[in-house]
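Heavy-atom basis, side chains included; hydrogens, waters and symmetry copies ignored. Predicted, not measured: the structure shown is a model, and the values here were computed from it.
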Amino acid sequence: MDEKKKVFRHEWKYLISYPEAELLQRRLSPFLSLDRNAVGGEYMIRSLYFDDMHDSAYREKIMGVDFRQKWRVRVYNCSDKRISLERKAKRGSYIYKESATLTREEFQKILNSDYRFLLAREENLCKEFYYECMVKLLRPKVVVDYERTPMIMDAGTVRITFDKNVRAAIGSFDIFDAELPTLPAIEPGKLVLEIKYTAFLPQVVKTLLPLDGQEFSAFSKYAMCYEAAHHLTDSTAGISKTSISGRRARNVYSGLF
């Protein structure tokens, strides 16, 4: 069976304030519609990210590697109605995502390090995930939570999302447990604006998004939540945050040993 041709999409990210987000949503609402899955205007996204024993996905992000990929299992509103195994590849500001549906039992097998069922799946994505887990020792790393308000436009296949309350869920990798405690991952009063499109960004959208003065960000929810969770629990986190990126960061462990 022929593989579907990969189509990379543009992805822009900005850190903006809540008042700026409210203003943008009002400006966009006459031209873009809310995603039909956004009951009440938003939904919760929870993703369990995987990384290898060297934390390569995190390190490559911090080092600014041009082409990189991340593996995750994603659910919505902590429900098992839709469980997706996803791989997100990124080259510069272009992204490509692949996904395969999992059952709750299959997800539990992954948590139990029982990957054999992946070889019986038709999707190549599942077989490649098996390889990553067996050869590169990919394992669960951090749970990322946030609420998303998604707006869409058919022209240019535009999708604009406002992701608020980005946080790391800690204590367990049970992605169906809505009571997991969390740690904030970004500065107070900020949320993540993401603009995705395939062919082109319609001029009306460009006009409605006056972002020239905004901070274009290479923001990674995985990297920020990894730091939020492991900076407190992993004695090597302070090392990875300072030496890899070439920047100084406060090490909460200094003076404790």
Side-chain angles (χ1 to χ4, degrees), residues 11-25 28 38 41-51 55 57-65 68 70 72 74-78 86 88 90 93 95 97 140-151 159-173 175 178-196 209-234 237-238 240-242 244-253:
E11 181 183 65
W12 301 347
K13 294 183 180 181
Y14 298 86
L15 285 176
I16 63 174
S17 68
Y18 280 82
E20 288 170 327
E22 183 177 356
L23 177 60
L24 285 175
Q25 289 177 38
L28 292 168
E42 65 181 30
Y43 49 75
M44 175 191 174
I45 293 179
R46 169 169 283 176
S47 300
L48 172 59
Y49 282 84
F50 293 75
D51 212 336
D55 294 335
Y58 170 76
R59 292 170 178 259
E60 289 174 359
K61 166 59 186 173
I62 296 301
M63 292 187 294
V65 175
R68 56 189 185 272
K70 293 192 291 284
R72 66 194 180 202
R74 173 165 288 186
V75 296
Y76 299 86
N77 301 317
C78 298
E86 299 181 350
K88 181 179 180 180
K90 188 174 180 68
S93 62
I95 62 166
K97 289 197 294 187
K141 188 62 62 170
V142 70
V143 176
V144 175
D145 288 355
Y146 53 94
E147 280 74 46
R148 166 167 287 180
T149 298
M151 306 183 77
R159 184 175 180 85
I160 298 175
T161 57
F162 300 84
D163 298 337
K164 66 181 183 180
N165 196 20
V166 179
R167 58 205 185 273
I170 59 174
S172 170
F173 293 135
I175 57 178
E179 302 302 321
L180 287 180
T182 61
L183 296 170
I186 62 176
E187 60 184 288
K190 295 286 188 178
L191 56 78
V192 183
L193 167 67
E194 296 187 1
I195 303 166
K196 302 184 182 75
L209 290 171
L211 296 170
D212 293 342
Q214 299 295 335
E215 175 188 1
F216 181 78
S217 175
F219 184 88
S220 165
K221 297 185 184 76
Y222 167 62
M224 297 302 291
C225 288
Y226 172 94
E227 293 179 359
H230 292 272
H231 197 63
L232 296 177
T233 60
D234 182 354
S240 64
K241 288 180 70 176
T242 54
I244 295 175
S245 65
R247 62 187 179 186
R248 294 189 60 83
R250 181 176 64 89
N251 185 349
V252 297
Y253 296 95

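Note that the OG1 atom of T161 and the CD atom of E194 stand 4.5 Å from one another [nearest 0.5 Å]. One distance of note links CD1 of I170 with SG of C225; it measures 11.5 Å at 0.5 Å rounding. Annotation: the span from M44 atom CE to N77 atom CG amounts to 7.5 Å, rounded to 0.5 Å. In this structure, CD1 in I186 is found 9.0 Å from NZ in K221, a value given to the nearest 0.5 Å. Note that NZ of K88 is 8.0 Å distant from CZ of R74, once rounded to the nearest 0.5 Å. Here OH of Y76 is found 5.5 Å from OH of Y43. Values are rounded to the nearest 0.5 Å.
Among all heavy-atom pairs drawn from K61 and A223, the shortest one is CG-CB, 3.9 Å. Residue A228 comes nearest to L183 through the heavy atom pair O-CD1, 3.4 Å, listed as atom of the first residue, atom of the second, then distance. Taking all atoms of both residues into account, the shortest heavy-atom contact from A229 to A168 is CB-CB, 4.1 Å. When all heavy atoms are compared, the tightest approach of S17 to K190 is N-CD, 4.2 Å.
Side-chain contact check for V143 versus R46: some heavy-atom pair is nearer than 4.5 Å. Two residues are said to be in side-chain contact when any heavy atoms from C-beta on lie closer than 4.5 Å; K141 and F173 fail this criterion. Residues I16 and L191 form a side-chain contact, since some pair of their non-hydrogen atoms from C-beta on lies under 4.5 Å apart. Counting heavy atoms from C-beta on, the side chains of K97 and E11 never come closer than 4.5 Å. Taking 4.5 Å as the limit, every side-chain heavy atom of V192 sits out of range of all side-chain heavy atoms of Y14.
Between K90 and E60, no side-chain nitrogen of the basic residue sits less than 4.0 Å from a carboxylate oxygen of the acidic one, so the salt-bridge criterion is not met. Taking a cutoff of 4.0 Å between a charged side-chain nitrogen and a carboxylate oxygen, K70 and D51 do not qualify as a salt bridge.
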Residue pair N165, Y146: steps toward the side-chain contact (heavy atoms from CB on, under 4.5 Å) verdict: CA-CA 5 Å; N165 196 20; Y146 53 94; 5.7 Å; no

Working for side-chain contact (heavy atoms from CB on, under 4.5 Å), residues R59 and V65: CA-CA 9 Å; R59 292 170 178 259; V65 175; over 6 Å; no

Working for salt bridge (charged side-chain N to carboxylate O under 4.0 Å, His left out), residues E86 and R72: CA-CA 5 Å; E86 299 181 350; R72 66 194 180 202; 2.8 Å; yes

Check against side-chain contact (heavy atoms from CB on, under 4.5 Å), T182 and D145: CA-CA 8 Å; T182 61; D145 288 355; 4.0 Å; yes

Verdict with supporting geometry, E227 and Y58, side-chain hydrogen bond (donor to acceptor under 3.5 Å, both in side chains): CA-CA 9 Å; E227 293 179 359; Y58 170 76; 2.7 Å; yes

Derivation of the side-chain contact (heavy atoms from CB on, under 4.5 Å) call for I160 and L209: CA-CA 10 Å; I160 298 175; L209 290 171; 3.9 Å; yes

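Formation of a donor-acceptor pair under 3.5 Å by the E22 side chain with backbone atoms of P19 is not found in this model. Using a distance-only test at 3.5 Å, with no hydrogens or angles considered, no donor-acceptor pair links the side chain of R159 to the main chain of K196.
R167 is linked by a side chain to side chain donor-acceptor pair (under 3.5 Å) to E147, counting only residues two or more places apart in sequence or in another chain. Under the ring pair (Phe, Tyr, Trp, His ring centres under 6.0 Å) criterion, F50 pairs with F129, sequence neighbours left out. Considering only residues two or more places apart in sequence or on other chains, Q25 meets the side chain to side chain donor-acceptor pair (under 3.5 Å) condition with none of them.
By the 30° and 60° cut-offs, the orientation of the rings of H230 relative to Y226 is parallel.
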